[in-house]
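Before I ask anything, here is the structure I am working with.
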Amino acid sequence: MKIAVVGCGYVGLVSGACFASLGNQVICVDIDEKKIASLKKGISPIYEPGLEELIRQNIRKGLISFTADLRTAARKSDVIFIAVGTPPRANGEADLSFVENVVRTIAKELDGYKLIVEKSTVPVQTGEHIARVLKASAKKGASFDVASNPEFLREGTAVRDFMNPDRVILGVASKKAEKILTDLYRPLKAPILITDLKSAEIIKHASNSYLAMKISFINAISIVCEAAGANVDQVATGMGLDKRIGKNFLNPGIGFGGFCFPKDLAAFIRISEKLGYDFGLLKAVEEINENQKKFFVKKIEEAVWNINSKTIGVLGLSFKPDTDDMRFAPSIDIIAMLQAQGARIKAFDPHAMKKAKESLKDIEYCKDSYSVCRGSDCLLILTEWDEFKEIDLAKVKKLLKQPIVIDGRNVYDPGRMKELGFQYHSIGRP
Ligand code: NAD
């Protein structure tokens, strides 16, 4: 198939590279000329395991190309995936202006039949808006379908997730669109669910909100455990063994972040409100998430006494391991709260420091974990990168000014930390 993927971000690039690997002819489009220039050389602008190799392989096979010229790409393609950002507005609503810009450009190029597919996460009824714009400016003889194919990949394992999805959701309005998309996804051998367009749009928001709810739920449980002297890890294991609950997404921590959960939750709350429903449950999920970061800062305060003029070492900045994505990372809010109280911050992250420098200022960025520890009054774990799990703790203890570790990801065993002589604080464990 001849496919255009608009937006060369985490979703667009991974989708484009994977569609090319399945033998399709893919044109990836982005307005960011710098990204396009680097992609043409086979250099990925984002860190995502396996992605760069896949891009290079498909460049060599002639199956993938990159351009900033959306009009030509649209003209040359039969299926156009929209994978641009849908960031939150100040009121939480999804900003759909990037999607609209793309649709208005495509509308001018409609000729014959084209299938326009929403891959970006958008609020329900966006498909109707897209169809209206396309219809208003389609030339005579042109026809089109709009479909929704929400993406469920996770950063850090995006290529694997794309190629092995739990399910593929296809929200379609015609048999023709259903056939094209079913043919495209058939090689993945994943369950395919055909729905109407609006239901597909809601499936994405509902899924992310549900997962965010699970995280906030276990975070709330961690507070109760801590107050009662119970162990949240044991509670989560006990809950997760129940097949109706499942063990995934029951890891307590410093709250969820990233470009999906916070914004999708906010957008789902707003669209529900517009449709006349006050989604109080999801508002509580948001509130618990915000409070979790404040609880963590309070923990630091209790451990070091006065935060003012202390040097605080931070391991991990990205919102989760195996990605360089800093968007809405909890580290940003936690560090801001510490700096507001006069702390000096030293930090290290294996892959996110370049991006962190754009949002986190006045930080001493270190070359490795041990440099962070040297002379710090305490050490925080904010992202559970594997290399932090394997760190030489005896060396860490020697380098720290005080042997205090406050672990926001429950990476270490409390018994072992005690044996090693640390004052160790984690989430919801005695
Ligand atoms: P991103 O910010 O990494 O990438 C978006 C890209 O779109 C950018 O490179 C930007 O330059 C480009 N762009 C913006 N306007 C454009 C235009 N008019 N023409 C061409 N390119 C344009 O975003 P992302 O993380 O890939 O997310 C994209 C969408 O997918 C969002 O709706 C997001 O919610 C959704 N999503 C993201 C993830 C994830 O893990 N990141 C997972 C599932 C779904």
Side-chain angles (χ1 to χ4, degrees), residues 4-18 27-39 44-49 51 66-74 77 80-89 92-109 116-123 126 130 133 148-162 165-166 168-169 200-201 203-205 207-209 211-212 256-268 318-329 355 358:
V5 181
V6 191
C8 293
Y10 291 87
V11 167
L13 263 187
V14 172
S15 308
C18 291
I27 309 178
C28 293
V29 188
D30 205 287
I31 36 167
D32 185 335
E33 306 253 5
K34 261 169 69 189
K35 265 190 190 177
I36 294 299
S38 120
L39 283 163
S44 169
I46 53 171
Y47 171 72
E48 184 58 49
L51 178 61
F66 302 94
T67 180
D69 178 2
L70 173 57
R71 298 183 67 165
T72 310
S77 309
I80 304 169
F81 282 86
I82 303 176
V84 296
T86 48
R89 291 186 194 279
E93 213 172 286
D95 180 351
L96 297 175
S97 54
F98 299 94
V99 174
E100 184 180 341
N101 286 343
V102 172
V103 173
R104 289 200 183 279
T105 308
I106 297 172
K108 291 183 202 131
E109 305 306 323
I116 319 300
V117 191
E118 301 168 349
K119 190 68 145 159
S120 300
T121 302
V122 292
T126 299
I130 295 178
V133 170
S148 164
N149 167 223
E151 183 49 57
F152 298 94
L153 61 77
R154 296 160 299 175
E155 287 172 26
T157 49
V159 173
R160 200 174 69 213
D161 290 347
F162 190 94
D166 289 343
V168 172
I169 303 292
E201 291 168 334
I203 286 170
K204 176 64 190 177
H205 265 162
S207 301
N208 272 6
S209 300
L211 292 172
F256 53 79
F259 192 51
C260 288
F261 288 174
K263 84 170 173 56
D264 293 351
L265 194 61
F268 200 31
S318 57
F319 83 95
K320 67 173 195 174
D322 297 320
T323 180
D324 59 350
D325 200 347
M326 281 297 296
R327 294 176 291 184
F328 303 100
K355 293 209 169 136
E358 293 162 17

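In this text, all values refer to a predicted model and were calculated from it rather than measured experimentally. Order of appearance sets the numbers: ligands from 1, and atoms from 1 within every ligand. Start at 1 with the first residue, then count along the sequence.
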Exercise. For atom 11 (O) of ligand 1, which candidate among Asp32, Ile46, Asp30, Val14 holds the nearest heavy atom?
Worked result: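 The option holding the nearest heavy atom is Asp30.
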
Exercise. Hey, does the side chain of Asp324 reach the backbone of Tyr47 with a donor-acceptor pair shorter than 3.5 angstrom?
Worked result: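 Yes, because the side chain of Asp324 sits within donor-acceptor range (under 3.5 Å) of the backbone of Tyr47.
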
Problem set entry | Enumerated ligand 1 atoms positioned under 4.0 Å from heavy atoms of Gly7 |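 So the atoms of ligand 1 that pass are 6 (C), 7 (O), 12 (C), 21 (N).
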
Exercise. Would a distance-only check, ignoring hydrogens and angles, find a side-chain to backbone donor-acceptor pair under 3.5 Å from Asp161 to Arg154?
Worked result: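 Judged by distance alone, yes, a pair lies under 3.5 Å.
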
For this session: For the residue pair His205 and Pro123, establish whether any side-chain heavy-atom pair is separated by less than 4.5 Å.
Result: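 His205 vs Pro123: side chains touch.
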
Exercise. Which residue supplies the protein heavy atom nearest to atom 27 (O) of ligand 1, what is that atom called, and how far is it?
Worked result: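 Result for atom 27 (O) of ligand 1: Phe259 CE2, 3.8 Å.
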
Exercise. Atoms of ligand 1 less than 4.0 Å from Ala83 heavy atoms?
Worked result: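 What qualifies from ligand 1 is 28 (C).
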
For this session: Identify, with sequence neighbours excluded, every residue that meets side chain to side chain contact (heavy atoms under 4.5 Å, CB included) alongside Pro165.
Result: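 Expected list: Val168, Leu188, Ala190.
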
For this session: Taking only heavy atoms of Val6 into account, list the atoms of ligand 1 that are under 4.0 Å away from them.
Result: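 Ligand 1 atoms under the 4.0 Å threshold to Val6: 19 (N), 20 (C).
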
For this session: Consider ligand 1: state whether an atom of it lies below 4.0 angstrom from any non-hydrogen atom of Lys263.
Result: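 Under 4.0 Å: yes for Lys263.
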
Problem set entry | Val122 backbone acceptor or donor facing Thr86 side chain under 3.5 Å |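 No, Thr86 side chain to Val122 backbone: no donor-acceptor pair under 3.5 Å.
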
Exercise. Do the side chains of Phe259 and Tyr10 get nearer than 4.5 Å, heavy atoms only?
Worked result: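 A side-chain contact is absent here, since even the closest heavy-atom pair is not under 4.5 Å.
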
For this session: List for me each residue that meets salt bridge (Lys or Arg N to Asp or Glu O under 4.0 Å) alongside Lys320, sequence neighbours excluded, and say none if there are none.
Result: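 Scan of Lys320 (salt bridge (Lys or Arg N to Asp or Glu O under 4.0 Å), adjacent residues dropped) gives none.
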
Exercise. If you measure every N/O of Asp325 against every N/O of ligand 1, is any gap under 3.5 Å?
Worked result: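 Checking ligand 1 against Asp325, no N or O pair falls under 3.5 Å apart.
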
For this session: Look at the aromatic rings of Phe261 and Phe256 and report parallel, tilted or perpendicular, splitting at 30° and 60°.
Result: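 The arrangement is perpendicular - the two ring planes meet at more than 60°.
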
For this session: If you have a sec, work out which protein heavy atom is nearest atom 21 (N) of ligand 1 and how many Å separate them, to one decimal?
Result: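 Atom 21 (N) of ligand 1 sits closest to the protein heavy atom Ile31 N, 3.3 Å.
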
Exercise. With the threshold set at 4.0 Å, does a side-chain nitrogen-carboxylate oxygen contact exist between Lys34 and Asp32?
Worked result: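 Looking at Lys34 and Asp32, the cut-off is not met.
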
For this session: State if Leu70 counts as touching ligand 1 under the rule of any non-hydrogen atom under 4.0 Å.
Result: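 Leu70 does not count as a contact of ligand 1 under the 4.0 Å cut-off.
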
Exercise. Which ligand 1 atoms, with their elements, are less than 4.0 angstrom from a heavy-atom of Lys35?
Worked result: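 Those atoms are 8 (C), 9 (O).
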
For this session: May I ask you to identify, for Ala158, whether its side chain, its backbone, both or neither come under 4.0 Å of ligand 1 on a heavy-atom basis?
Result: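 Near ligand 1, Ala158 shows nothing, with every heavy atom at 4.0 Å or more.
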
For this session: Provide, to 0.1 Å, the distance between atom 18 (N) of ligand 1 and the closest protein heavy atom, together with that atom's residue and name.
Result: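 Its nearest protein heavy-atom neighbour is Val102 CG2, 3.5 Å.
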
Exercise. Is a side-chain donor or acceptor of Lys119 paired with a backbone partner of Val11 at a separation under 3.5 angstrom?
Worked result: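 Not at all, since once roles are kept as given, no pair shorter than 3.5 Å links the two residues.
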
For this session: Among all protein heavy atoms, pick out the one at the shortest distance from atom 36 (N) of ligand 1; state its residue, atom name and that distance to 0.1 Å.
Result: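 Protein heavy atom with the smallest distance to atom 36 (N) of ligand 1: Val11 CG2, 3.4 Å.
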
For this session: Provide, to 0.1 Å, the distance between atom 29 (C) of ligand 1 and the closest protein heavy atom, together with that atom's residue and name.
Result: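 Answer for atom 29 (C) of ligand 1: Val84 O, 3.4 Å.
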
For this session: Please write down residue, atom name and distance for the protein heavy atom closest to atom 14 (C) of ligand 1.
Result: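 Residue, atom and distance for the closest contact: Phe98 CD2, 3.7 Å.
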
Exercise. Considering only the protein, which heavy-atom contact is closest to atom 5 (C) of ligand 1, and what is its distance?
Worked result: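 Of every protein heavy atom, Gly85 N, 3.6 Å lies nearest to atom 5 (C) of ligand 1.
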
Exercise. Can any side-chain N or O of Glu48 pair as donor or acceptor with the backbone N or O of Thr157 at less than 3.5 Å?
Worked result: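 Yes.
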
For this session: Tell me which one of Lys320, Arg327, Glu48 gets a heavy atom nearest to atom 1 (P) of ligand 1.
Result: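 The nearest heavy atom belongs to Arg327.
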
Problem set entry | Donor-acceptor pair between Asp95 and Ser97 side chains, under 3.5 angstrom |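 Per modelled atom types, Asp95 and Ser97 side chains form a pair under 3.5 Å.
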
For this session: Please report which non-hydrogen protein atom sits nearest to atom 35 (C) of ligand 1, along with the residue it belongs to and the distance in Å to one decimal place.
Result: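 Of every protein heavy atom, Thr121 OG1, 3.4 Å lies nearest to atom 35 (C) of ligand 1.
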
Exercise. Where the closest heavy atom to atom 39 (C) of ligand 1 is concerned, which of Glu151, Arg154, Glu155 has it?
Worked result: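 Among Glu151, Arg154, Glu155, the closest heavy atom to atom 39 (C) of ligand 1 belongs to Glu155.
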
